[in-house]
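Here is the structure we will look at.
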Number of protein chains: 2
Amino acid sequence: MGATAGGGNQGRTLDRALDVLECLERARGPLRLSDIAREADLHLATTQRTVNQLVRRGYVQQGRLGYSLGPVLLSLAHAFVVHDRMSTVAPPVLTELSATTRLTSSVYVRSGDERILVARVSGADPLRYQFPIGRRVPLDVGGGKVLLAALPDEEIEEYHRRSPETTLASGRVQTLEELRADVERVRRNGYHLAESERELGALSLTLPVHDADKEIAGAINLVTTTDVTGADELLAWLPELSRGAGAIGVRI
Amino acid sequence: MGATAGGGNQGRTLDRALDVLECLERARGPLRLSDIAREADLHLATTQRTVNQLVRRGYVQQGRLGYSLGPVLLSLAHAFVVHDRMSTVAPPVLTELSATTRLTSSVYVRSGDERILVARVSGADPLRYQFPIGRRVPLDVGGGKVLLAALPDEEIEEYHRRSPETTLASGRVQTLEELRADVERVRRNGYHLAESERELGALSLTLPVHDADKEIAGAINLVTTTDVTGADELLAWLPELSRGAGAIGVRI
DNA sequence: GAGAAACTATCACCCAATGATAGATGGTGG
DNA sequence: CCACCATCTATCATTGGGTGATAGTTTCTC
C-alpha cells in the first residue's frame with residue numbers, strides 16, 4: 001500500500017523495504033514471512049531477501065512467532081530526540097504549561113498524511129506507564145486540523161480523496177464539508193477547539209507553532225475531558241497556550 | 001555477509017540507504033548532501049536519490065542547514081517499545097530494583113557489534129531530563145562483556161579484530177588479553193564488576209538475562225559511583241540483581 | 001512419523017539503480 | 001550589483017543487481 005503503487009516506479013527497492021518496516025509497525029504482534037509478503041503485497045522471495053537484510057542490520061528481529069521491529073530503531077529515535085529542534089525545545093515549555101494549567105500538553109508535527117506526537121507532559125499524574133511519544137494520529141481529527149489548515153486548499157482536497165472515510169469518536173463519518181468548515185474556522189480564529197473528535201469525552205485546544213520564518217512547524221495543545229473541564233474554561237487558557245507556542249517558535 | 005561466497009555485494013541498494021540513516025544518526029548536527037555522500041562513501045547522485053526518497057517517507061527531514069533524521073523514526077521506535085517483550089517486561093522489574101537499591105538500573109540488548117539500552121530507571125532523582133533509552137554502547141567495555149561472554153571464542157576474536165582500539169575511560173587501550181581474561185571471569189562468576197571502564201569513577205555490576213530456553217536475551221545492571229559506594233557494597237546487591245534477571249527471563 | 005508450513009537457496013532474465021554530466025538555484029563576498 | 005562557489009536537481013545510456021518462479025531444507029504440528 002506504500003508509494004510503490006503508482007505508475008512512475010522509481011526507487012522500488014528502498015520503498016519496498018520501508019513498506020516492510022511500516023507493515024511491521026502496524027502489526028499487533030510478530031508476523032510470519034508470508035504474512036509480511038501478503039500485507040506489503042510483495043513476492044515471497046523479495047520479502048525474504050528484504051527481511052533478512054533488515055534482520056542483519058538490527059532493524060527487524062526474528063523471534064519464535066515471527067518477525068518484529070528491532071532495537072536499532074530505538075537508537076535512531078534516540079538520535080532524533082537528542083538533535084531535533086522541536087524535540088529538545090518543546091519539553092521544558094510543555095512542563096511549564098502543564099504546571100500552570102494542570103492539564104496534559106502535547107506537541108505534534110506533520111509527517112505526510114499523519115501527525116506524530118513528539119513531546120508530551122501529562123498534567124494530573126506526572127508519570128504515564130506506556131509513553132505515547134511517537135504515536136501516529138490522523139491529520140483530520142482533533143488538533144490535526146490546525147496542521148491541515150496550513151496547507152493550500154487543493155492539498156486538503158487531495159488528502160481527503162486519499163482517506164475519505166475518517167470516522168470521529170462519535171461513530172459518524174466526517175464529510176468533506178465539515179472538514180472544510182473546521183479548517184476555515186481554524187484559519188479565522190487561529191486555534192481549534194475539538195470535542196469528542198478523536199476520543200469520546202475528550203476536549204482539546206490546539207494552536208499552530210510557527211518558526212522564525214512564519215512557517216508552520218507543528219501544533220501545540222492542551223487536553224482534558226468534558227466531565228472535568230468546560231469548553232469556556234479550556235478556552236481561558238488560550239493566552240497561556242499562545243505564549244507557549246511563541247516560546248517554542250522562537251527557539252526553533 | 002558470509003551466507004554465499006563469491007557473490008560479495010548483495011542487497012546494495014537497501015544497505016546503502018541504511019548506511020545513510022546511520023551516518024545521520026552518528027552526526028552531531030544536520031549534514032549537507034555532499035557530507036552524507038563523503039561520510040557514507042557514495043556517489044553524490046546516488047546519495048541524492050536515496051536521501052530524497054527517505055525525506056519523502058519522513059525518515060529524514062531537510063532543514064536550513066542540511067539533512068537530519070525524521071520523525072517517522074519516533075513512530076517506529078514507539079511501535080518497538082510497545083510490542084517488544086524486553087521493553088515491556090523490564091521497566092517494572094527495574095523500578096522495583098531501583099526502589100530497593102536506590103541505584104540506577106538498566107537493561108541492554110546486543111545488536112551486532114554494539115549493545116543498545118532498552119530500559120532504565122534511575123535511582124536518586126526519579127526523572128532524568130534527556131532520556132538515554134536507545135543509546136548505543138560498545139560491547140567490550142563495562143557490562144557489555146557479559147554479552148560478549150555468551151559468544152563463542154572465535155566470534156569474540158573476530159569482534160576484536162574489527163574494533164581493536166577500544167580505550168577505557170582511564171585512557172588506556174584494552175588489550176585482547178585483558179578482554180579475554182575479563183570474559184573468562186564473567187563465565188566463571190556469572191557477573192561482571194566494572195570499575196571506571198566506560199566512565200571515570202563509575203562502578204557497575206552486570207548480569208546476563210536468560211530466556212526460558214537458557215538463551216541470552218540481554219544484560220541487566222546496577223550503576224553507581226566509586227565515591228558513593230564501595231565495590232563490596234555493590235556486590236552485596238548481587239542476589240537482588242539476580243532475582244531481577246530471573247524475573248525478566250521468565251516473562252520473556 | 002506423516003504432512004504442512006516456514007524458511008532458504010538457486011538462477012536466468014531484464015528492469016531499475018547507477019554514476020557521469022549538465023543545469024538550476026541560492027547564498028556570500030568583493 | 002555581479003561574479004563565484006556550493007548545494008541541490010535533472011537527464012540518460014549502460015549494466016549490474018534486484019526480481020520472481022521454482023526447488024530444496026528445516027522446523028513445527030498433529
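Rounded to a whole Å, the CZ atom of Arg56(B) is 10 Å from the P atom of dT9(D). In this structure, CG of Leu65(A) is placed 12 Å from C1' of dC28(D), rounded to the nearest angstrom. Between Asp19(B) atom CG and dA17(C) atom P there is a gap of 17 Å when expressed in whole angstrom units. Rounded to whole Å, atom P of dA9(C) lies 14 Å from atom CD of Gln53(A). dC28(D) atom C1' lies 14 Å from atom CD of Gln62(A), rounded to whole Å. In this structure, CG of Leu33(B) is placed 15 Å from C1' of dG26(C), rounded to the nearest angstrom. A straight line from CG of Asp41(B) to P of dG19(C) spans 10 Å, rounded to a whole angstrom.
With DNA chain C read from its 5' end, the first of the two nearest nucleotides for Leu14(A) and Leu31(A) is the one closest to Leu31(A).
Contacts of residues 42-50 of chain A with DNA chain C (heavy atom under 4.0 Å): Gln48(A).
For the pair Lys145(A) and Asp140(A), the salt-bridge criterion is not met [side-chain N within less than 4.0 Å of a carboxylate O]. Look at Glu158(A) and Arg161(A) and you find no salt bridge, because none of the NZ, NE, NH1 or NH2 atoms lies under 4.0 Å from a carboxylate O.
For Thr95(B), the side chain to side chain donor-acceptor pair (under 3.5 Å) criterion is met by no residue, not counting sequence neighbours. Listed by chain and number, the residues in a side chain to side chain donor-acceptor pair (under 3.5 Å) with Ser106(B) are Arg120(B) (sequence neighbours excluded). Under the salt bridge (Lys or Arg N to Asp or Glu O under 4.0 Å) criterion, Asp211(B) pairs with no residue, sequence neighbours left out. Applying the side chain to side chain donor-acceptor pair (under 3.5 Å) criterion to Asp41(B), with sequence neighbours excluded, gives no partner residue. For Arg57(A), the salt bridge (Lys or Arg N to Asp or Glu O under 4.0 Å) partners at least two apart in sequence or on another chain are Asp15(B), Asp19(B), Glu22(B). Every salt bridge (Lys or Arg N to Asp or Glu O under 4.0 Å) that Glu157(B) has, sequence neighbours left out, goes to Arg180(B).
Residue pairs meeting the side-chain hydrogen bond (donor to acceptor under 3.5 Å, both in side chains) criterion with at least one member in residues 243-252 of chain A, sequence neighbours excluded, do not occur. Sorted by first and then second residue, the side-chain hydrogen bond (donor to acceptor under 3.5 Å, both in side chains) pairs involving residues 23-32 of chain B (not counting sequence neighbours) are Glu25(B)-Arg136(B). For residues 67-88 of chain B, no residue pair satisfies the salt bridge (Lys or Arg N to Asp or Glu O under 4.0 Å) rule, not counting sequence neighbours.
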Please write out the pairs of protein N or O atoms and N or O atoms of nucleotides 22-24 of chain C separated by less than 3.5 Å, giving the distance to one decimal.
none

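Distances shown here put every side-chain N or O of Asn52(B) at or beyond 4.0 Å from the OP1 or OP2 atom of dC8(D). Proximity of Arg12(B) to the phosphate of dA17(C): no side-chain N or O atom is located under 4.0 Å from OP1 or OP2. OP1 or OP2 of dT27(D) has not a single side-chain nitrogen or oxygen of Arg32(A) nearer than 4.0 Å. The phosphate of dG18(D) has OP1 or OP2 within less than 4.0 Å of a side-chain N or O from Thr13(B).
Candidate nucleotides dT19(D), dC8(D), dC7(C) were compared by shortest atom distance to the side chain of Tyr67(B), and dC8(D) ranks first.
In the helix from dG1(C)-dC30(D) to dG30(C)-dC1(D), the terminal helix axes, each the rotation mapping four pairs' C1' atoms onto the next four within five end pairs, subtend 60°, rounded to 10°.
Scanning both residues, Ile156(A) and Leu151(A), for their nearest heavy atoms gives CD1-O, 3.8 Å.
Using a 4.0 Å heavy-atom cutoff across all strands shown, Arg64(B) reaches no nucleic acid atom at all.
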